[in-house]
Amino acid sequence: MAVDGPAAAGKTTASLRLARAFGMSYLESGRAYRVLAYEALRNNINPTDQAAMLALCAAVGGRSRAELLGLNRYTSGELRTTEVGRVVSAVAKIAELRTRVTNTLRAWAAGNRRSIVEGRDIGTVVFPSAALKFYLTASVETRAARRVAQEESGTYQEVLADVLRRDQADLTRAASPLRQAPDAILIDTTTLTVDQVVDRMSHRCRDVGLTVP
Ligand code: CDP
Ligand code: CDP
């Protein structure tokens, strides 16, 4: 299953609840781009230096798939700093790097029969034939307010500016921009509670024959 959408649309919250309810594995693909942004900062690599970023990706991915996917070693605190947030869009622009992350996501999914993968290009590029695709969105003001409540760092205006900047970068990049797949189910979560979002998604899961184990 693919879940895409802009920052703070509620992808992680809803996907985790669905994964638990239906006994599916869950992967947050944004962690891979954040791992690379974090390592670039730590190793003083300019995130716009494509050759250096590809070498970094090969080094991290060469250690293990789990490491590149941010499944071990890195805490969410490390990957969700303001600094990482500032450079992750530049990292995510690099087409060849995206190909490597995509291949790693596919390799992970091959070993996880029932899975939910969340991100920006999951239903469009990574798993175009996913059995079920969702595109979650919400107004930018609502999304910024959610992030402020969640992270307790930065003022509303600062967080709003960051969300707008990342939306713009994700929507306008040449390589795998953020798009709703034609066959994705759109859910605008602006005025919905988490329970309501999860309910709608669960109904669609049952429609395609997914059962609670
Ligand atoms: O949680 P949040 O929505 O704030 O971000 P994330 O999912 O951790 O993703 C961080 C950044 O990675 C996004 O702003 C995108 O630029 C990039 N990303 C991407 O390009 N493709 C994906 N499949 C996932 C994330
Ligand atoms: O993964 P993504 O960046 O799309 O969003 P998230 O990390 O799940 O953050 C969404 C935040 O908004 C969480 O604190 C949720 O509790 C809250 N929220 C939501 O996810 N869905 C709603 N319908 C309402 C609030």
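Both backbone and side-chain heavy atoms feed into the values below; hydrogens, waters and symmetry mates do not. It should be emphasised that the depicted structure is a prediction, and the values quoted were computed from it without experimental measurement. Along the sequence shown, residues carry numbers from 1. Ligands are counted one by one from 1 in listed order, and the atoms in each one are counted from 1 as well.
Distances below 4.0 Å separate heavy atoms of K11 from the following atoms of ligand 1: 3 (O). Listed by number with element, the atoms of ligand 1 under 4.0 Å from a non-hydrogen atom of R147 are 1 (O), 2 (P), 4 (O). Short contacts between ligand 1 and D121, defined as distances under 4.0 Å to a heavy atom of the residue, involve ligand atoms 21 (N), 22 (C), 23 (N). The ligand atoms of ligand 1 that sit less than 4.0 angstrom from a heavy atom of R173 are 16 (O), 19 (C), 20 (O). The contact set between ligand 1 and V88, taken as ligand atoms under 4.0 Å from a residue heavy atom, comprises 11 (C), 12 (O). Near G119, the atoms of ligand 1 lying under 4.0 angstrom from a non-hydrogen atom of the residue are 23 (N), 24 (C).
Not one N or O of Y33 is nearer than 3.5 Å to an N or O of ligand 1, by distance alone. For R80, a nitrogen or oxygen atom sits less than 3.5 Å from a nitrogen or oxygen atom of ligand 1, counting backbone and side chain alike. The distance criterion of under 3.5 Å between nitrogen or oxygen atoms is not met by S89 with respect to ligand 1. For ligand 1, the polar-atom distance check finds no N/O of E28 at less than 3.5 Å from any of the ligand's N/O atoms.
Distances from atom 20 (O) of ligand 1 to the heavy atoms of Q150, R98, R120 put R98 nearest.
Using a 4.0 Å cut-off between heavy atoms, Q196 makes no contact with ligand 2 at all. Here R31 has no heavy atoms under 4.0 Å from ligand 1, in either its backbone or its side chain. With a 4.0 Å heavy-atom cut-off, ligand 1 is reached by the backbone of A7 and by its side chain too.
Using a 4.0 Å cutoff on heavy atoms, P6 counts as a contact of ligand 2.
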